Amino acid sequence: QAGEIIEVVPADANRGGLLVELEGIRGFLPVSQLSAEHYPRVSGADKDEILQKLNALCGQTIRVRILDVNRKENKLIFSEKEAVKDDMQSRLSELKVGDSVEGVVTGVIDFGAFVNVSGIEGLIHISEISWERVEDPRKYVKTGEKVTAKIIAIDKDRLSLSLKQLQEDPWLKDVDTIAKGDTVDGTITRITPFGAFVQITPAIEALVHVSELGGKGDEAVDPEKIFKLHEKKQFKVLEIDKDSRKIALSLK
């Protein structure tokens, strides 16, 4: 009832959390109540890897608060999250959007990477890892790696982070080498019913719309019949829109 912080040492683990004994009474610390520092981030739902990470916490001293106690149901639930909450809120209040922070990658998943920033959980979304198109975040960051990232949003007790915003945007650098009306060489990277995407520099991908493929009159041209993936062709630059980062090309 006092909400005091106590120290416990987990004796055992299962896939749902840690088994803790306090003054002879068996209790439980669920995975969901672990702090960002101890939460087992794993790729996918690998239960064995989760258990392995929880077993590593057995024998360690963990600061917790009692979340729920019910004598009739013989229930005693602990929370590490609640124990670090005040500390975390005070650290969060010192941070602001735009700050650069250092952290350690705690897990890499398909849509990004989780980062522990002094006990606060941060997420680098896949779209904020690099200015390049990122298909697999694991090729850019590794679990255990130290990173410096920029805070782009603070949502309750989690940070949204960006790696790419601390790097120069190569698109803006490359776009200054191209002008409307230029003839450029490009490589076909994707073919769609409405046209094709063309790589004209390592950082710039432009679109040649189906209407710019040179059909007779109003006759629509099938991009699949005109282009092959990875082939090189010459195009004319029709439009450059820096605000929306779009470049329109013409084959005609």
Side-chain angles (χ1 to χ4, degrees), residues 96-101 105 108-115 122-142 145 147-155 159-252:
K96 59 185 186 298
V97 172
D99 284 355
S100 290
V101 290
V105 177
V108 185
I109 61 269
D110 291 340
F111 61 84
F114 287 100
V115 180
L123 174 68
I124 306 169
H125 190 264
I126 186 170
S127 61
E128 290 296 331
I129 288 175
S130 171
W131 289 108
E132 299 171 356
R133 184 191 301 270
V134 177
E135 300 289 345
D136 182 2
R138 294 166 190 85
K139 291 181 180 173
Y140 293 81
V141 284
K142 302 272 183 290
E145 181 185 347
V147 293
T148 302
K150 181 180 178 180
I151 299 174
I152 54 174
I154 299 174
D155 179 23
L159 306 173
S160 290
L161 303 171
S162 174
L163 289 180
K164 77 178 188 184
Q165 290 189 33
L166 290 180
Q167 303 156 7
E168 186 184 6
D169 183 351
W171 194 94
L172 292 175
K173 190 178 169 188
D174 284 7
V175 81
D176 286 337
T177 65
I178 303 160
K180 186 177 174 177
D182 281 0
T183 299
V184 293
D185 292 319
T187 305
I188 308 302
T189 54
R190 282 183 290 158
I191 303 168
T192 71
F194 56 84
F197 288 90
V198 182
Q199 197 89 38
I200 52 178
T201 78
I204 294 177
E205 195 177 56
L207 173 69
V208 53
H209 192 264
V210 66
S211 62
E212 291 297 331
L213 299 182
K216 291 176 186 174
D218 293 334
E219 190 185 328
V221 179
D222 182 0
E224 294 269 3
K225 290 181 179 171
I226 300 233
F227 299 120
K228 290 187 179 69
L229 269 181
H230 311 304
E231 81 169 317
K232 289 188 176 178
K233 279 189 181 287
Q234 280 198 327
F235 300 89
K236 186 175 182 179
V237 179
L238 284 184
E239 291 292 337
I240 297 174
D241 184 345
K242 285 188 179 180
D243 292 335
S244 58
R245 297 169 68 93
K246 286 180 181 172
I247 294 176
L249 303 176
S250 176
L251 188 64
K252 303 197 287 205

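Treat the numbers as computed from the prediction; the structure is a model and nothing was measured.
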Minimum heavy-atom separation for K252 to S211, with atom names?
-> NZ-O, 3.3 Å
Nearest atoms (heavy-atom pairs only) where L163 meets A149 | CD2-CB, 4.0 Å
Residues P170 and E168: closest non-hydrogen pair is CD-O, 3.0 Å
Interatomic spacing from CG in L251 to CG in L213 - rounded to 0.5 Å | 6.0 Å
Return yes if some donor-acceptor pair links the side-chain N/O of K142 with the main-chain N/O of R138 below 3.5 Å, else return no.
-> yes
Is it true that K139 and D136 have a side-chain N and a carboxylate O under 4.0 angstrom from each other?
-> no
Name all pairs fulfilling the salt bridge (Lys or Arg N to Asp or Glu O under 4.0 Å) condition that reach into residues 178-188, sequence neighbours left out, sorted by first residue then second.
-> K180-E239
Is the backbone of F227 close enough, under 3.5 Å, to the side chain of E224 for a donor and an acceptor to pair up by distance?
-> no
Please round to the nearest 0.5 Å and tell me the distance separating atom CD1 of I124 and atom CZ of F111.
-> 12.0 Å
Are side-chain heavy atoms of V221 and I226 found at a separation under 4.5 Å?
-> yes
Over 12 foreign heavy atoms within 6.0 Å of NZ, K164 | yes
Least distance between heavy atoms, L249 atom then L238 atom = O-CD1, 3.9 Å
Nearest-0.5 Å distance, CG of residue L166 to NZ of residue K150 | 7.0 Å
Reported CZ-to-CD1 distance for the pair R245 and I240, which is rounded to 0.5 angstrom | 13.5 Å
Shortest non-hydrogen separation from V237 to A179 and the atoms involved = CB-O, 3.6 Å
Compare all side-chain heavy atoms of I109 with those of F114 and state whether any distance is below 4.5 angstrom.
-> yes
Donor-acceptor contact present, side-chain K246 to main-chain L207, <3.5 Å = no
Any chance you could measure S160, atom OG, to D155, atom CG, to the nearest 0.5 Å?
-> 6.5 Å
For residues 187-198, tabulate all N or O donor-acceptor pairs below 3.5 Å that involve a side-chain atom, not counting sequence neighbours.
| unit_1 | atom_1 | unit_2 | atom_2 | d |
| --- | --- | --- | --- | --- |
| T189 | OG1 | F197 | O | 3.2 |
| T189 | OG1 | E205 | OE2 | 2.7 |
| R190 | NH2 | E205 | OE1 | 3.1 |
| T192 | OG1 | F194 | N | 3.3 |
| T192 | OG1 | G195 | N | 3.3 |
| T192 | OG1 | G195 | O | 3.1 |

Taking side chain as C-beta onward, heavy atoms only, is V115 less than 4.5 Å from L161?
-> yes
Which heavy atom of V97 sits nearest a heavy atom of A153, and at what distance?
-> CG2-CA, 3.9 Å
Name all residues meeting the side-chain contact (heavy atoms from CB on, under 4.5 Å) criterion together with I204; count only those two or more places apart in sequence or in a different chain, and write none if there are none.
-> W171, D174, V175, I178, I200, T201, I247
Does Y140 reach the side chain of E132, with side-chain heavy atoms less than 4.5 Å apart?
-> yes
Main-chain N/O of S162 paired to Q165 side chain as donor or acceptor, under 3.5 Å = no
